[in-house]
Amino acid sequence: KYSWPMSKPIDTLKFWKDRIDAAKKEGTMHYSIYLKKTMSDIDARHHQIIQKLGINKQGVQVLDAGCGYGRNAKWFSEKNYVGIDFSPDFIDEAKIHFPDYDFHVVDLMAPLPFGEKQFDWAIFNSIRQMVEGNLGKEAWETMLENTKKVAKNVLILEYSTPEQYDIL
């Protein structure tokens, strides 16, 4: 369904470290995840979707799966939010930008270190197309299944389709 001109090594830590370094040179962390200097239109639409679904209400426990530098954390209370990413460099950046929030290095390809249905919602923000396009549909299905074990609901947001989202 999704295709890139060529596969990128998104499953390597070096790839993401290089992207973080490039983003710092550009002066915006968004550049580490999306090669565009501003994402305000997409960000605003994703925030509207989260608000519409009530995901950011007090007491709703949220897992930000593939949180990167914590770009979604600003929409949630630090008491109700956990961000995970397999890149230690991204987790370090997230902790700098959101020091009161809970971030962990976790690989979505492995069983997640959380209780069954511990979270009300898990959010994937621009993960699906990237994983399917670079690692294949089977890798995406593994990540999704691992996440569905720890979350009651899953919201999938994509940058290429800011008006659309999937709830599983």
Side-chain angles (χ1 to χ4, degrees), residues 2-51 55-56 62-110 112-114 119 121-136 139-140 142-144 146-147 154-165:
Y2 309 108
S3 63
W4 264 237
M6 58 194 236
S7 187
K8 296 177 183 150
I10 65 168
D11 57 342
T12 66
L13 297 177
K14 182 182 181 330
F15 176 83
W16 293 108
K17 175 142 182 39
D18 291 347
R19 292 288 291 261
I20 291 168
D21 291 344
K24 288 179 178 179
K25 288 178 186 170
E26 289 293 323
T28 175
M29 283 306 294
H30 280 304
Y31 201 76
S32 65
I33 55 168
Y34 191 59
L35 299 178
K36 183 177 173 184
K37 283 201 176 190
T38 180
M39 295 178 35
S40 58
D41 54 337
I42 295 169
D43 232 19
R45 181 61 183 141
H46 287 172
H47 187 218
Q48 287 174 347
I49 293 166
I50 286 168
Q51 287 179 305
I55 298 171
N56 61 343
V62 176
L63 176 66
D64 191 356
C67 69
Y69 61 88
R71 64 195 177 273
N72 298 328
K74 63 187 175 281
W75 299 328
F76 304 98
S77 162
E78 68 272 7
K79 295 174 186 164
N80 301 344
Y81 173 93
V82 174
I84 61 172
D85 202 288
F86 96 108
S87 167
D89 296 304
F90 264 141
I91 294 301
D92 289 346
E93 285 297 320
K95 289 177 179 179
I96 290 168
H97 295 282
F98 300 95
D100 296 329
Y101 286 68
D102 194 9
F103 294 100
H104 303 276
V105 176
V106 174
D107 186 350
L108 289 163
M109 292 294 290
L112 304 184
F114 305 108
F119 298 94
W121 285 91
I123 297 174
F124 286 98
N125 197 334
S126 193
I127 304 290
R128 181 182 188 169
Q129 292 177 9
M130 178 181 50
V131 170
E132 283 187 358
N134 292 283
L135 303 178
W140 165 251
T142 298
M143 291 178 179
L144 184 59
N146 287 338
T147 304
V154 177
L155 174 64
I156 302 167
L157 301 165
E158 291 293 335
Y159 293 153
S160 60
T161 56
E163 290 79 28
Q164 297 179 358
Y165 55 92

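One is the number of the first residue; the rest follow in order along the sequence.
- Side-chain contact between L108 and V131 is absent, with no heavy-atom pair separated by less than 4.5 Å.
- Contact detail for L112 and N146: the closest heavy-atom pair is CD1-O, 3.7 Å.
- Looking at every heavy atom in both residues, A65 comes nearest to I127 through O-CG1, 3.9 Å.
- Here the side chains of F103 and F98 are in contact, with some heavy-atom distance below 4.5 Å.
- Residues satisfying the side-chain hydrogen bond (donor to acceptor under 3.5 Å, both in side chains) test with D11, not counting sequence neighbours, are none.
- With sequence neighbours excluded, no residue forms a side-chain hydrogen bond (donor to acceptor under 3.5 Å, both in side chains) with D89.
- Contact between Q129 and E158 at its shortest, heavy atoms only, is N-OE2, 3.3 Å.
- Two residues are said to be in side-chain contact when any heavy atoms from C-beta on lie closer than 4.5 Å; W140 and I156 meet this criterion.
- For the pair V62/N80, no side-chain contact is recorded, criterion being any heavy-atom separation below 4.5 Å from C-beta on.
- Closest heavy-atom contact between C67 and G83: SG-C, 3.6 Å.
- To the nearest 0.5 angstrom, D107 atom CG is 10.5 Å from T142 atom OG1.
- Taking all atoms of both residues into account, the shortest heavy-atom contact from H46 to W75 is CB-CH2, 3.9 Å.
- Here L13 pairs with F86, S87, P88 under the side-chain contact (heavy atoms from CB on, under 4.5 Å) rule; sequence neighbours left out.
- Contacts of D102 classified as side-chain contact (heavy atoms from CB on, under 4.5 Å), with partners at least two apart in sequence or in another chain: V82, H104.
- Rounded to the nearest 0.5 Å, atoms CZ (F124) and CG (L157) are 11.0 Å apart.
- For an aromatic pair to be called close, the ring centres must be under 6.0 Å apart, and F119 with Y81 fails this.
- Here the closest heavy-atom approach between residue G70 and residue A94 is recorded as N-CB, 3.9 Å.
- Under the side-chain hydrogen bond (donor to acceptor under 3.5 Å, both in side chains) criterion, N72 pairs with D64, N125, not counting sequence neighbours.
- No side-chain heavy atom of D85 sits under 4.5 Å from any side-chain heavy atom of E93.
- For N56, the side-chain contact (heavy atoms from CB on, under 4.5 Å) partners are H47, I50, Q51, F76, not counting sequence neighbours.
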